[in-house]
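Below is one structure; the comments refer to it alone.
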Amino acid sequence: MKFVKFLVGMCLCWSVNAQEYVEIIDTGARYSTEYYVKNDGKKYLSSARRDELSDRTNDFYRSHVGHVGKFVYEFYVGDSKRIVLDIDGNYIIVGREAYKPSTESKYLSFQSKIEKRKEFFGLTVGVDKYEDVIKKLDKSDIKYEKRWYAGSAKRPVLYVYGDSNVPVINGVASNEHVLQFINDKLYSIEFWWHPKSGSTLDRKKFKEAKIHEGLIQGLRDKYLIDNSEKNYFAIRNKAISTGKGNWHSIKNLWVSSSQHITVESWTRYPDIKLTYNDTELFEKAVKLDEQLLAEKKKREQEKKAKKNSSSL
């Protein structure tokens with residue numbers, strides 16, 4: 001009986017330790033989750049643990065000083081201890097010097113700040129429905145055009161014209177405004193900046209306007225607070241090679257537990273894209289778009305094959 005009680009006590013202790021509240025105090029001591037997921041031929045973690053980390057890696061989240069979460073588990077790389085923390089459902093790996101014990105009250109305070117959904121340009125991504133957005137546009141006399149991504153009713157798109165509230169960066173207003181939906185929900189508000197034409201002069205003027213730099217600085221000024229203890233939001237940078245020395249730059253600003261803002265640019269093209277997104281619906285839309293494009297391609301191939309056979 002005593003042995004059973006001992007085991008129960010052990011389980012309870014483990015359970016309490018697993019729920020220990022922690023606060024990030026040094027983001028410089030954060031280690032790449034991706035490195036341990038890929039494992040680089042080394043065996044620091046079991047395959048189950050690596051899969052777990054991979055599943056809990058959020059491309060739009062970046063840990064910051066002052067973020068409060070929970071201790072999950074620890075492991076060693078040689079003699080160095082690594083700790084896995086759960087910050088708002090995102091697993092990150094840090095060294096022992098990167099965090100300190102925290103309290104439930106601090107954890108709940110942090111959660112209350114990051115859980116609040118933000119409204120962008122009079123709309124709330126992840127909440128507003130397709131027909132409700134159309135009613136809002138009709139009331140404001142803003143013109144719009146209905147379209148469907150890959151011709152699918154699952155992906156309605158509204159191209160908006162004449163909205164005076166579009167962002168203006170360094171004196172240059174966005175010249176393309178798009179609202180993206182998945183099924184019935186608004187998941188992304190898009191703004192594009194394009195040169196007036198493809199002429200060398202217009203492209204030069206567009207580049208000199210430094211729209212990308214202005215966007216990043218504007219978002220920093222609005223969302224990132226100098227006092228790191230209050231700075232709950234952070235920008236995460238990502239670059240994707242598009243071949244032949246060209247790059248697609250993606251900067252994600254985490255603005256709530258369910259929303260992120262993205263600024264995109266390309267070395268090959270001058271265009272700049274700004275999006276306000278519902279994170280969960282955005283990820284679903286990316287997968288759906290891939291499926292819809294594959295289905296569209298298949299239909300086109302079948303149509304072409306039928307046309308070819310009918311001509312023989």
Any side-chain heavy-atom pair from [X] and [Y] closer than 4.5 angstrom?
| X | Y | result |
| --- | --- | --- |
| K136 | L123 | yes |
| E52 | D55 | no |
| Y73 | R49 | yes |
| L274 | P167 | yes |

In Å and rounded to the nearest 0.5 Å, what is the [atom1] to [atom2] distance from [X] to [Y]?
| X | Y | atom1 | atom2 | answer |
| --- | --- | --- | --- | --- |
| D278 | E283 | CG | CD | 9.5 Å |
| S80 | F75 | OG | CZ | 10.5 Å |
| K273 | S249 | NZ | OG | 13.0 Å |
| I272 | S265 | CD1 | OG | 5.0 Å |
| I142 | I134 | CD1 | CD1 | 13.0 Å |
| S256 | R117 | OG | CZ | 6.5 Å |

May I ask you to say whether K143 pairs ionically with D163, meaning some side-chain N is under 4.0 Å from a carboxylate O? no
Counting heavy atoms not belonging to [X], are there more than 12 under 6.0 Å from its [atom1]?
| X | atom1 | value |
| --- | --- | --- |
| K116 | NZ | no |
| K129 | NZ | no |
| K251 | NZ | yes |
| E280 | CD | no |
| K238 | NZ | no |

Quick one: do T275 and I261 satisfy side-chain contact (heavy atoms from CB on, under 4.5 Å)? Show the steps, please. CA-CA 6 Å; T275 55; I261 300 172; over 6 Å; no
Distance-only donor-acceptor hits, side chain of residues 208-218, under 3.5 Å, sequence neighbours excluded:
residue, atom, partner, partner atom, Å
E208, OE2, K204, NZ, 3.0
Q217, NE2, D221, OD1, 2.9

Sole residue of Y144, Y161, F191 in ring-ring contact (aromatic ring centres under 6.0 Å, His included) with H177: F191
Shortest non-hydrogen separation from [X] to [Y] and the atoms involved:
| X | Y | value |
| --- | --- | --- |
| V94 | R30 | CG1-CA, 4.2 Å |
| S63 | T27 | O-CG2, 3.4 Å |
| Y276 | V125 | O-CG1, 3.4 Å |
| N175 | W193 | OD1-CA, 3.5 Å |
| G122 | D128 | O-OD2, 4.4 Å |
| G95 | I83 | C-CD1, 3.9 Å |

Side-chain heavy atoms nearer than 4.5 Å, only ILVMFWY residues, links allowed to pass through others: does that put [X] and [Y] together?
| X | Y | answer |
| --- | --- | --- |
| I25 | V72 | no |
| I240 | W247 | no |
| Y149 | I189 | no |
| I114 | I24 | yes |
| F120 | Y187 | no |

Using atom types as modelled and distance alone, determine if a side-chain donor or acceptor of [X] lies under 3.5 Å from a backbone N or O of [Y].
| X | Y | answer |
| --- | --- | --- |
| R56 | G89 | yes |
| Q259 | K118 | yes |
| R155 | F181 | yes |
| N90 | I87 | yes |
| S174 | W192 | yes |

Could you give the side-chain donor-acceptor pairs of residues 290-305 under 3.5 Å, partners two or more places apart or in another chain?
residue, atom, partner, partner atom, Å
Q291, NE2, E295, OE2, 3.1

Less than 3.5 Å apart, any donor N or O on the side chain of [X] or [Y] sitting next to an acceptor on the other?
| X | Y | value |
| --- | --- | --- |
| H194 | D271 | yes |
| E264 | W266 | no |
| T279 | H260 | yes |
| H67 | Y61 | yes |
| K113 | S109 | yes |

Verdict with reasoning, Y223 to I235, per side-chain contact (heavy atoms from CB on, under 4.5 Å): CA-CA 10 Å; Y223 294 102; I235 292 175; over 6 Å; no
Let's go through V172 and V168 carefully: what are the C-alpha distance in whole Å and the side-chain angles of both, what is the deciding distance for side-chain contact (heavy atoms from CB on, under 4.5 Å) to 0.1 Å, and is it a yes or a no? CA-CA 5 Å; V172 182; V168 179; 5.8 Å; no
Lys/Arg cation over aromatic Y31: R82, 6.0 Å, 45° cone: yes
Is the charged tip of R50 near the ring of Y36: under 6.0 Å from the six-membered ring centre and within 45° of its axis? no
Take the angle between the ring planes of F60 and F282 and call it parallel below 30°, perpendicular above 60°, tilted in between. perpendicular
Between V178 and E176, does a side-chain contact (heavy atoms from CB on, under 4.5 Å) hold up when you go through it step by step? CA-CA 7 Å; V178 186; E176 187 176 344; 3.8 Å; yes
Please name the residue in the list L179, V127, N277 that meets the side chain to side chain contact (heavy atoms under 4.5 Å, CB included) test with L186. L179
Can you tell which of Q180, E145, K146 makes a side chain to side chain contact (heavy atoms under 4.5 Å, CB included) with V157? Q180
Suppose we call two aromatic rings close when their centres sit under 6.0 Å apart. Are F71 and Y21 close by that rule? no
